[in-house]
Amino acid sequence: QVQLVESGGGLVVAGGSLRLSCAASDRTFRNVFMGWFRQAPGKEREFVATINRSGGITYYADSVKGRFTISRDNAKNSVYLQMNSLKPEDTAVYYCARSTGQWPPRRRSDYDYWGQGTQVTVSS
C-alpha cells in the first residue's frame with residue numbers, strides 16, 4: 001500500500017507564494033511519474049502539473065504555466081509544488097498522486113494512488 005502525505009497548504013494573500021510538499025511511502029518512487037491536481041468547491045478535480053521519473057521533464061496546465069514549478073527529490077521520496085504569483089482562482093484542495101501510465105499523465109484515471117489533500121486559500 002502506497003501512502004502519499006501532502007503538507008504546506010495555508011492562507012496567502014494574492015501575489016504571494018506557497019510551497020507544497022508530498023512525501024511518499026513507496027520504494028518504487030523513483031520509477032513512477034508524480035503529479036499534482038486541485039479541486040475547488042463545486043468543481044471537478046483538475047490537472048495542475050506532472051514530473052517524469054528523473055525530474056528532468058515537467059508538464060503544466062496552461063492556467064499555472066510560468067507561475068508554478070513541480071520538482072522531486074528521489075532520495076527523499078518527495079515531490080514539491082512551488083506556487084508563485086498566486087491568484088484567488090488558485091484556491092482549492094491540492095492533491096499529489098502517483099502514475100504508472102503513459103507520459104504525460106494528465107487524466108485522473110492515469111493515477112493510482114492519491115494523497116488526502118491540502119487546502120490552499122488565496123485571498124484578494
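From a predicted model like this one, the values you see are computed outputs, not experimental measurements. In what follows, every heavy atom counts, from backbone to side chain, and hydrogens, waters and symmetry copies are set aside.
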Check: Val48 and Met83 side chains under 4.5 Å, non-hydrogen atoms: no
From Phe68 atom CZ to Ser85 atom OG, the distance as rounded to the nearest 0.5 Å: 9.0 Å
Verdict with reasoning, Asp112 to Thr100, per side chain to side chain contact (heavy atoms under 4.5 Å, CB included): CA-CA 8 Å; Asp112 54 3; Thr100 57; 3.9 Å; yes
Donor-acceptor under 3.5 Å (Arg53 side chain, Asn31 main chain): yes
Between CH2 on residue Trp103 and CZ on residue Phe33, distance to nearest 0.5 Å: 6.0 Å
Working for side chain to side chain contact (heavy atoms under 4.5 Å, CB included), residues Thr91 and Gln119: CA-CA 8 Å; Thr91 295; Gln119 176 71 46; 4.0 Å; yes
Polar side-chain atom of Thr58 near backbone of Ile51 as donor-acceptor pair, under 3.5 Å: no
Val64 reachable from Leu18 in the ILVMFWY side-chain graph, under 4.5 Å edges: yes
Nearest atoms (heavy-atom pairs only) where Ser124 meets Pro88: CB-CG, 3.9 Å
Pairwise distance CZ(Arg27) to CG(Asn77) - rounded to 0.5 angstrom: 11.0 Å
Donor-acceptor contact below 3.5 Å, side chain Arg98 vs main chain Tyr113: no
Verify same cluster id: Val2, Val79 (apolar side-chain graph, 4.5 Å): yes
Output field: ring centroids Trp36/Tyr94 closer than 6.0 Å: no
Joint hydrophobic cluster, Tyr59 plus Ile57, side-chain heavy atoms closer than 4.5 Å: yes
From Glu44 atom CD to Arg108 atom CZ, the distance as rounded to the nearest 0.5 Å: 7.0 Å
Side-chain donor or acceptor of Arg72 paired with backbone N/O of Asn52 under 3.5 Å: yes
Donor-acceptor contact below 3.5 Å, side chain Thr50 vs main chain Met34: yes
Sidechain-backbone polar pair: Glu6 side chain, Gln116 backbone, donor-acceptor under 3.5 Å: yes
Residue pair Leu4 / Ala97: nearest heavy atoms and the distance that separates them: CD1-CA, 3.7 Å
Donor-acceptor contact below 3.5 Å, side chain Ser99 vs main chain Asp110: yes
Asp62 bridged to Lys65 by N-O distance under 4.0 Å: yes
Whether over 12 other heavy atoms sit under 6.0 Å from Gln3 CD: no
Pair Ser63-Arg38, side chain to side chain contact (heavy atoms under 4.5 Å, CB included): steps then yes or no: CA-CA 12 Å; Ser63 58; Arg38 65 186 182 186; 3.5 Å; yes
Hphob cluster co-occupancy, Val120 + Tyr60, side-chain heavy atoms under 4.5 angstrom: yes
Single-linkage hydrophobic cluster Leu81~Phe29, side-chain heavy atoms < 4.5 angstrom: yes
Plane angle bin for Tyr111 and Phe37 - parallel if under 30°, tilted between 30 and 60°, otherwise perpendicular: perpendicular
Considering all heavy atoms, the nearest Gln82-Asn84 contact: NE2-OD1, 2.9 Å
